There are 2 protein chains.
Amino acid sequence: MSLRMALLGLLSLSGPASGYDLTKLFESSINHAWQARHSQIYPELNKMADEGLVTVEEDGPRGRKTYTITEEGSRTVREWMLTTSPARPARDEKTLRAFLLPTLKPEEALGVLRETIRDCDAKLAVLEEIERRPSRPRTTGFGRYALDLGLRHTRMMRDWAAEAAEEIERSSRS
Amino acid sequence: MSLRMALLGLLSLSGPASGYDLTKLFESSINHAWQARHSQIYPELNKMADEGLVTVEEDGPRGRKTYTITEEGSRTVREWMLTTSPARPARDEKTLRAFLLPTLKPEEALGVLRETIRDCDAKLAVLEEIERRPSRPRTTGFGRYALDLGLRHTRMMRDWAAEAAEEIERSSRS
DNA sequence: GGTTGACATGTAAAATTCGACACGTCACTC
DNA sequence: GAGTGACGTGTCGAATTTTACATGTCAACC
């Protein structure tokens with residue numbers, strides 16, 4: 001259901017778009033919270049067209065199909081957003097690795113943590129650059145929350161890694 | 001591969017355990033970063049036994065099988081931890097919902113955010129209770145990082161929701 | 001005229017994950 | 001002795017996701 005809602009949501013926020021557009025949008029926006037390849041997106045769009053959640057216009061230059069969300073599609077995503085469904089728990093390989101850190105020797109764990117810090121710093125640089133950029137239409141409203149959450153999440157991860165590293169250093173010195 | 005590494009990691013951290021134990025351990029430890037039902041765990045343990053990553057002792061009261069990680073299993077998980085594999089990106093339905101918040105009317109979004117805050121507070125209460133609890137064997141080392149990250153993540157989410165809510169209130173007053 | 005790269009859509013097989021069904025044991029309580 | 005609930009393992013079908021294969025167009029550059 002999540003993929004469907006993500007697609008309807010993107011269509012609702014960005015206006016009519018093609019499968020190709022949506023694939024790109026996925027990558028450049030919610031990638032840190034959800035992902036889908038075009039091989040999953042195209043069939044889902046066709047299914048939704050069959051079910052009347054979106055309409056499709058087949059014209060465009062290269063067999064391009066433009067999808068538009070329908071009234072019913074909007075209702076569907078709105079209901080999903082408002083229901084307190086207990087949302088399936090997150091899956092995050094990075095956090096899993098963090099959890100398994102104690103399986104390593106202190107020096108090894110320290111190496112992994114330092115790499116984590118570097119990765120976070122790199123990601124932060126990218127996100128902060130986007131934040132600084134003079135407001136494109138997308139920065140207001142749509143994408144606003146995503147960016148903010150992404151920044152907070154990355155900073156949180158960085159802080160954690162830094163403090164964990166410091167703790168390991170302290171305890172291995174003693 | 002992640003499930004396999006999670007299982008090997010847990011076996012490495014907790015010592016020999018049964019599939020049942022591991023299912024429970026999964027729920028009580030890395031649940032917020034990775035999940036698996038017993039229907040996924042049991043077959044994976046059998047496969048790993050075939051491949052020599054774990055050994056199995058079939059005794060125990062109720063047909064209980066006890067799995068122990070082997071040298072090869074340890075090597076496998078260690079290599080995985082140390083390789084900079086670009087870790088598949090996270091999937092988090094809650095963040096997806098957050099991202100789609102702008103599809104809602106301000107009052108509706110506000111409602112969702114307030115509920116998010118309540119959920120985070122509830123989760124924080126649980127985690128902080130665990131943190132306060134006099135150190136059981138698991139709180140040191142194993143589980144230490146997981147708990148810390150869980151706390152930080154939940155606080156981050158709470159702060160984000162609170163500030164987003166405040167921002168919506170401000171802009172709807174004007 | 002040929003090549004390259006972004007644009008554009010699709011399918012199929014494999015792997016992963018979930019939800020339901022299925023079976024049996026042991027300890028404790030009423 | 002019957003019932004309940006935690007313990008314990010397993011399989012199967014469906015849904016979801018990934019990876020690879022497959023095909024073709026348009027614009028720009030050389």
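Within every chain, numbering begins at 1; the chains are lettered A, B, ... in the order of the sequence lines, protein sequences first and strands thereafter. Please read all numbers here as calculations on a predicted model, not as lab measurements.
- Other cluster members for B:Ile117: none, since no ILVMFWY side-chain heavy atom sits under 4.5 Å from it.
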Please write out the pairs of protein N or O atoms and N or O atoms of nucleotides 12-19 of chain C separated by less than 3.5 Å, giving the distance to one decimal.
from   : atom 1 : to      : atom 2 : distance (Å)
C:dT17 : OP2    : B:Gln40 : NE2    : 2.7
C:dT17 : O5'    : B:Gln40 : NE2    : 3.3
C:dT17 : O3'    : A:Arg91 : NH1    : 3.2
C:dT17 : O3'    : A:Arg91 : NH2    : 3.2
C:dC18 : OP1    : A:Arg91 : NH1    : 3.4
C:dC18 : OP1    : A:Arg91 : NH2    : 3.3
C:dC18 : OP2    : A:Arg91 : NH2    : 3.1
C:dG19 : OP2    : B:Arg37 : NH1    : 3.1
C:dG19 : OP2    : B:Arg37 : NH2    : 3.1
C:dG19 : O6     : B:Ser39 : OG     : 2.8

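- Every side chain to side chain contact (heavy atoms under 4.5 Å, CB included) that B:Asp159 has, sequence neighbours left out, goes to A:Arg152.
- The separation between A:Ile41 atom CD1 and D:dT16 atom C1' is 14 Å, rounded to whole Å.
- Within the 4.0 Å cut-off from OP1 or OP2 of C:dC7, at least one side-chain nitrogen or oxygen of A:Lys24 is found.
- The ring-ring contact (aromatic ring centres under 6.0 Å, His included) test applied to B:Tyr42 returns B:His38, not counting sequence neighbours.
- For the pair B:Leu22 CG and D:dT9 P, the interatomic distance rounds to 9 Å; values are reported in whole Å.
- In this structure, the CG atom of B:Leu96 is 11 Å from the P atom of D:dT17, given to the nearest Å.
- Side-chain atoms of B:His38 come within donor-acceptor range of the base of D:dG10, with a qualifying N/O pair under 3.5 Å.
- For residues 13-22 of chain B, every residue pair satisfying the salt bridge (charged side-chain N to carboxylate O under 4.0 Å, His left out) rule, not counting sequence neighbours, is listed here: B:Asp21-B:Arg64.
- Heavy-atom distances under 4.0 Å link DNA chain C to B:Pro61, B:Arg62 of residues 57-67 of chain B, given in residue order.
- Among residues at least two apart or in separate chains, side chain to side chain donor-acceptor pair (under 3.5 Å) pairs with a member in residues 100-110 of chain B are A:Arg78-B:Glu108.
- Contact check for A:Phe26 versus A:Ile41: side-chain heavy atoms found under the 4.5 Å cut-off.
- Applying the 4.0 Å criterion to OP1 and OP2 of C:dT9, one finds that A:Tyr42 has a side-chain N or O inside that range.
- Looking at residues two or more places apart in sequence or on another chain, you find a side chain to side chain contact (heavy atoms under 4.5 Å, CB included) between A:Asp59 and A:Glu57, A:Thr66.
- Going from atom CZ of A:Arg4 over to atom P of D:dT16 covers 9 Å, rounded to whole Å.
- Residues passing the side chain to side chain contact (heavy atoms under 4.5 Å, CB included) test with B:Arg37, sequence neighbours excluded: B:Ser39.
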